[in-house]
Amino acid sequence: MMVSRGLFGWSPPHVQPLTPVSEVSEPPESPSPYMDTSNDALPVEAEEEMEETEEIEPPPAAVPFSKLFVCADRLDWVLMVVGSVAAAAHGTALVIYLHYFAKIVQLLARSGEDAEADVLFDRFKELALILVYIAGGVFAAGWIEVSCWILTGERQTAVIRSRYVQVLLNQDMSFFDTYGNNGDIVSQVLSDVLLIQSALSEKVGNYIHNMATFFSGLAIGFINCWQIALITLATGPFIVAAGGISNIFLHRLAENIQDAYAEAASVAEQAVSYVRTLYAFTNETLAKYSYANSLQATLRYGILISLVQGLGLGFTYGLAICSCALQLYVGRFLVTHRKAHGGEIITALFAIILSGLGLNQAATNFYSFEQGRIAAYRLFEMISRSSSAVDHNGNTLATVQGNIEFRNVYFSYLSRPEIPILSGFYLTVPAKKTVALVGRNGSGKSSIIPLMERFYDPTLGEVLLDGENIKNLKLEWLRSQIGLVTQEPALLSLSIRDNIAYGRDATSLQIEDAAKIAHAHTFITSLEKGYDTQVGRAGLSLTEEQKIRLSVARAVLSNPSILLLDEVTGGLDFEAERFVQEALDLLMLGRSTIIIARRLSLIKNADFIAVMEDGQLMEIGTHDELIASDGLYAELLRCEEAAKLPRRMPARTYSETTAIQIEKDSSESQNFQEPSSPKFAKSPSLQRASNLHASRPQDSAYGSHESPRNPSPTEKENGLSLDGTDKEPSIKRQDSFEKRLPELPKLDIHAIRRQTSNGSNPESPISPLLTSDPQSERSHSQTFSRPNSQLTEKPIRVQPVKVKEKQHKKEPSIWRLIELSLAEWLYAVLGSTGAAIFGSFNPLLAYVIALIVTAYYRSEIDRQINIRGDVDKWCLIIACMGFVTVIANFLQHFYFGIMGEKMTERVRRMMFSAMLRNEVGWFDEEENSADTLSMRLANDATFVRAAFSNRLSILIQDSSAVIVAILIGMLLHWRLALVALATLPVLTLSAIAQKLWLAGFSKGIQEMHRKASLVLEDAVRNIYTVVAFCAGNKVMELYRLQLSKIFYQSFSHGMAIGFAFGFSQFLLFACNAILLWYTGLCVKNGYMDLPTALKEYMVFSFATFALVEPFGLAPYILKRRKSLISVFEIIDRVPKIEPDDNAALKPPNVYGSIELKNVDFSYPTRPEILVLSNFSLKVSGGQTVAVVGVSGSGKSTIISLIERFYDPVAGQVMLDGRDLKQFNLRWLRNHLGLVQQEPIIFSTTIRENIIYARHNASEAEIKEAARIANAHHFISNLPHGYDTHVGMRGVDLTPGQKQRIAIARVVLKNAPILLLDEASSSIESESSRVVQEALDTLVMGNKTTILIAHRAAMMRHVDNIVVLNGGRIVEDGTHDSLMAKNGLYVRLMQPHFGKGIRPHRLM
């Protein structure tokens, strides 16, 4: 019953429904900093807006409204009818109260009569009792309304959800090729269903409720006094227009501000995502400037919004108050001519205002209805799609021999029919034999598995199993005969047991046997909960190797006749590969097997090797036969060898063209294994898909097994130490750099702009991040210093008091907030003045109206009294109040708005700056992921504004209302004033309950739905595996189970909310009844005369709504406390590794000798696992050392320690004989050149990506660096050359090309120490050769180089090789001496020497 507060049309601003965008009291919840995209956000003028946009684009398709209820059964209809009746009753309650209010005022007519005081008191009691009855009715109606609508909404959407999921899991694979299978489909359905649920439950109830208010208001208005009703209706459109026009502007501005913030968000997100690169190139200050700079546009739009809001609200209220003056003026004539009583005039006036508010509130629901209809169209369209070709009535074979034949098969994917994948392909796989398919990228080998599984049917030709066309076989039966093991094993968010069973009914014994055969039993039993351990996104992360073992176990359990293996061990190191290979060999025994191989060294023992090119079979035979015939196979093998041996190739153009050719092929070859993680999604065509679900490659200096973001269970098989997760507390800091930051943009915006405009594309979404920083000229013999270093000197040892705060998670004190906004004290004073004036008008207006009404009755009692002068005077005063209201509202909203905007902008800069001071370990924690931090910057900063400037605005407005009301009350009569105050706490409760209701029924339930959809998202991401193992029904069953759980919870949730809401409404009326009864009592006992009593009753009836308002904000403010805490937690945190210690060393020269002395190290997110233990390594200046070892042995960790991303737990890391901790961190990083395994490319031009290392580099230097990195040729061939945009909004580069740009960056930096992390391990043979050359050139310089290597390629000319296992050095020496030892090094190198290197699979 929101309107109650606006009972008389001058509710406090945030209630005024005409301006839903207003966020005086409630800044939006949505990610957009300023625009409340919640469903009530669209004003009455939604329709006008729609018409305007129609010219630009046609409106989205929507279903008719009635179709939203298509899933309702009989019980739902009963619930909806009952809910509607209750809503209507509830909506009319307030209007009926108004009708009786007229009768209360009517008692004034008796004040002249010497009537019995008792009779009068009885009448008062009678009316008070009626109010209690209304209160009871409202309680019942409110409870029934809310409960029925919540319940039916949940019931109907559960049906929609399960129908959708059923259809989704039965789609053809081509559907997922077209629409992507990254889980977006599921999250989309989740948000769509919520829109439908909102439209068909709470919004329908709300609409009926408000329409009932509208009609009953009109009726009561006309019944009481039709003349006043008509005049009120006539002035209505002007009031609506004032609100409407401002709303149209607000909507435009809200969109602009979102776009403006998007740019700042992109700067922040890239900086945080790629924080290791940012730190390695010491570009923090630049990122801060860039962010501060891009926030300026947001600030400007924010101030404009405040201006429009202030004027819009001012005119809306001003006109409403002036209209009121006009009606009371007309009322004088009606009273003197005996056309109406005072009570009827007041009732008619307010009933019409109330009905207008009702209509307006009802209109806010149209936006939700529209959204619901559009969402329903999307969902129902999907539900009505035909399911896939699930053939339940095909044949089955009595026994399966396992003879497979592809006969003249032509095939292309439905999503890209123009690209032929297979053209006239023949292949025979004899029963129980193994055939390996090899070929270049794009040769079509990957399409064999989906055709065999019948995910797709061939365009022409046939696939035969034991002579029978598989199209004639029953689909489920066919798939049950096939075991599939892929490189990207699919895990659902379930227990390990369920993941192995994967939809099959199997006993625990069978599952354990399968796990034993797959070599998985040992590691599973070593886990705390064994087979019941939860894995997947909601549980424990496993290593690739462990996932593959589970995947093998799953295939073992299905006991297939045919086995399809898709380059299973592609991503594993040699040790892990051997274990998996053994399990696979067991599995392959006595089964027809097809292996898709990208590494030829693994398939020499296959019965046959089939070589494909351009979708055709080129040659087939055993390994030796094919080598002898010296055809395509031999050439591919030579290619692998070539990539392995570092050769100087003068014909650079050839290598370039191959790389580009590879890029083309890879984008064409559609790999059936598309739902891959970003680590493997290498082809340009897929990179886009992976970007969609925000899986940007973690900027990481680790291999997949070491990344602290994927903690894996401790595993002691084969001596690897791998990991589990833990959190640890951190402490706060205060950043004085930030205290000065408000001036930063002014200092340098123009300079930055000038620099940007010179050498960079102005459209770059992030070019400022890469603008030049004149003082950052670097060479390793100079000391390097930054501007602003003086700002950052002092804060290091600041405020030790703060340390305790973090543990208690205390909310920041109000002084802290005041401190933040001190700069805007003048705005605060002006805003407060406006708020105080506007607030005090509420009770003043009530009092003046009460004076006019009593004047009316004086005239009725005594015809001789001329009331004209009095009434005219009071009406004029009301009109003046209307004018002042415009000014007061403008002051309040405009100045508090500016204050809020500036505060938000300052807090964002402080947060961002504080984030970029933290050590890398902080970013590894789950709650500090890039996405979370970007969201915090976008949203939490606005809550600081909400907590302070918005709260202050409301507080001043409402306190002035309360104070004035009490003053008036006390002046009239103190007893009644005290009773009115006593009802305040009760009314507060009521307001809070009502706020919670208005926030929406379903917030808690939504969270549960999100969790339920995790299983679904996993299923869709891994749809190939789900379908191949016929596990769709299992997923469906799990989902239905979740839905039924949610339903029971939402039932009790609905009843509780309904009760609370009904009760809150009851209290509102009951308090009024008490007040009325006590007024009667005061008159009876002669404490005051009747006119005074009723004046006071009216003032308090009006004012209580204002009194209650600030408390109504309580839940909102409580909800925000978390955000406030998180803001100051980030700002106050003291980094564990201080980046700006100016007292630290900055020696003029670096010799370059590095030593790790007895180092123990574990990642902060999982301190219980030692990655390095008692580790020592010495690298002399100018020496090149290669580090090799199995996955997880701690190779990449060494680089992280030298870059000081982390500090060792024990021991020292030394540079030139001094502990790294003694050096200034930024100085240190300026002398290190880092090439990461995952090359990080920023979304900007190639030029800016290269000069990221040194912003003042000349064009000649940039090109020279690119030439050295073998990149100049391919860059020049791009249409815009060095100004080509790359990254999210630009050209997609191949991994090899990215790697070369990253190398160019390091060449340009020209640091004396090089750290190369497996720089070519994730690239296909042919392009890796080009990268390899670039690396050779880099290493040949006289620099200290540490190389983390998987490849034999560079081993021959490094000075020393160190072999790691389990965090310790087990062997070291030159390549030849280690080969002679025949130890772990030889085992690690075995796949490489003489057999070709093994590139990761390129997708």
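Sequential numbering from 1 along the given sequence is applied to the chain's residues. Values below: every heavy atom of this structure, side chains too, minus hydrogens, waters and symmetry copies.
Between Leu120 and Lys1084, every side-chain heavy-atom pair lies at or beyond the 4.5 Å cut-off. By the 4.5 Å heavy-atom criterion applied to side chains, Thr983 and Phe1100 are not counted as neighbours. Within the 4.5 Å cutoff, the side chain of Ile96 has no heavy atoms near those of the Ser216 side chain. Side-chain atoms of Leu844 and Ile968, non-hydrogen and from C-beta on, do get closer than 4.5 Å to each other. At least one side-chain heavy atom of Lys103 sits under 4.5 Å from a side-chain heavy atom of Leu127. Using a 4.5 Å heavy-atom threshold, the side chains of Asn1072 and Tyr1097 count as touching. Here the side chains of Gln361 and Tyr207 are not in contact, with every heavy-atom distance at 4.5 Å or above. The side-chain heavy atoms of Leu1067 and Leu987, taken from C-beta on, include no pair separated by under 4.5 Å.
Taking both residues in full, the closest heavy atoms of Ala348 and Ala229 are given as CB-N, 4.5 Å, listed atom of the first, atom of the second, then distance. Closest non-hydrogen pair, Val335 versus Gly342, comes out as CG2-N, 4.4 Å. The two residues Phe101 and Ile346 make their nearest non-hydrogen contact at CE2-CG2, 3.8 Å. Here the closest non-hydrogen pair linking Val886 and Gly318 is CG2-CA, 4.2 Å. What you find for Ala1073 and Ala128 is that their closest heavy atoms are CB-O, 3.5 Å. Closest approach of Ala855 and Val871 over heavy atoms only: CB-CG2, 4.2 Å.
Classification of the His973-Tyr1087 ring pair by plane angle, with boundaries at 30° and 60°, yields parallel. Between Phe1059 and Trp143, the ring planes lie perpendicular to each other; the angle is over 60°, past the 30° to 60° tilted range.
When atom types are taken as modelled, the side chain of Thr885 and the backbone of Met881 share a donor-acceptor pair closer than 3.5 angstrom. Of the possible polar contacts, one joining the Tyr857 side chain to the Gly343 backbone as a donor-acceptor pair under 3.5 Å is found. Looking only at distances, a side-chain donor or acceptor of Thr213 sits under 3.5 Å from a matching main-chain atom of Gly91. In this structure a side-chain-to-backbone donor-acceptor pair under 3.5 Å is missing from Ser147 to Ile144. With Ser960 contributing its side chain and Ala836 its backbone, the two residues share a donor-acceptor pair below 3.5 Å. Using modelled atom types, one side-chain atom of Glu1096 and one backbone atom of Ala977 make a donor-acceptor pair closer than 3.5 Å. The backbone N or O of Phe333 sits less than 3.5 Å from a side-chain atom of His337, completing a donor-acceptor pair. A donor-acceptor pair under 3.5 Å is absent between the side-chain atoms of Thr347 and the main chain of Glu344, judged by distance alone. A donor-acceptor pair under 3.5 Å is absent between the side-chain atoms of Asn360 and the main chain of Gly356, judged by distance alone.
For the atom pair Cys875 SG and Ile852 CD1, the distance stands at 4.0 Å (nearest 0.5 Å). Atom CG of residue Asn224 and atom CD of residue Gln227 lie 11.5 Å apart, to the nearest 0.5 angstrom. In this structure, Thr854 OG1 and Leu1090 CG are separated by 10.5 Å, a value rounded to the nearest 0.5 Å. Expressed to the nearest 0.5 Å, how far CD1 of Ile867 lies from NZ of Lys873 amounts to 13.0 Å. In this structure, CD1 on Ile104 lies 10.5 Å from CE on Met1098, to the nearest 0.5 angstrom. Asn950 CG to Phe896 CZ: the interatomic distance, rounded to the nearest 0.5 Å, is 9.0 Å.
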task = Might you work through the side chain to side chain contact (heavy atoms under 4.5 Å, CB included) test for Gln957 and Asn842, ending with a clear yes or no?
result = CA-CA 10 Å; Gln957 178 183 319; Asn842 184 316; over 6 Å; no
ask   = Can you list the steps and then say if Phe350 with Ile849 is a side chain to side chain contact (heavy atoms under 4.5 Å, CB included)?
value = CA-CA 12 Å; Phe350 291 141; Ile849 292 175; 4.1 Å; yes
request  = Start with the C-alpha gap between Ile321 and Ile878, add the side-chain angles, then the distance that decides, and say whether side chain to side chain contact (heavy atoms under 4.5 Å, CB included) holds.
outcome  = CA-CA 7 Å; Ile321 293 174; Ile878 292 179; 3.7 Å; yes
request  = Go through the steps for Met211 and Leu359 under the test side chain to side chain contact (heavy atoms under 4.5 Å, CB included), then give the verdict.
outcome  = CA-CA 6 Å; Met211 286 311 281; Leu359 182 61; 4.1 Å; yes
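Separation of the Phe841 and Tyr317 ring centroids does not fall under the 6.0 Å cut-off.
Atom CZ of Phe1051 has 12 or fewer neighbouring heavy atoms from other residues, nucleotides or ligands inside a 6.0 Å radius. Within 6.0 Å of atom CZ in Phe139, more than 12 heavy atoms from other residues, nucleotides or ligands are found, so the atom counts as buried in its surroundings. The neighbour count for Tyr100 OH, taken as heavy atoms of other residues, nucleotides or ligands under 6.0 Å away, does not exceed 12.
Judged purely by distance below 3.5 Å, without hydrogens or angles, the side chains of His90 and Glu145 pair a donor atom with an acceptor atom. Side-chain contact of Thr235 with Ser323: a donor-acceptor pair under 3.5 Å is present, judged by distance alone. A donor atom on one side chain and an acceptor atom on the other are not found under 3.5 Å apart for Tyr856 and Asp870.
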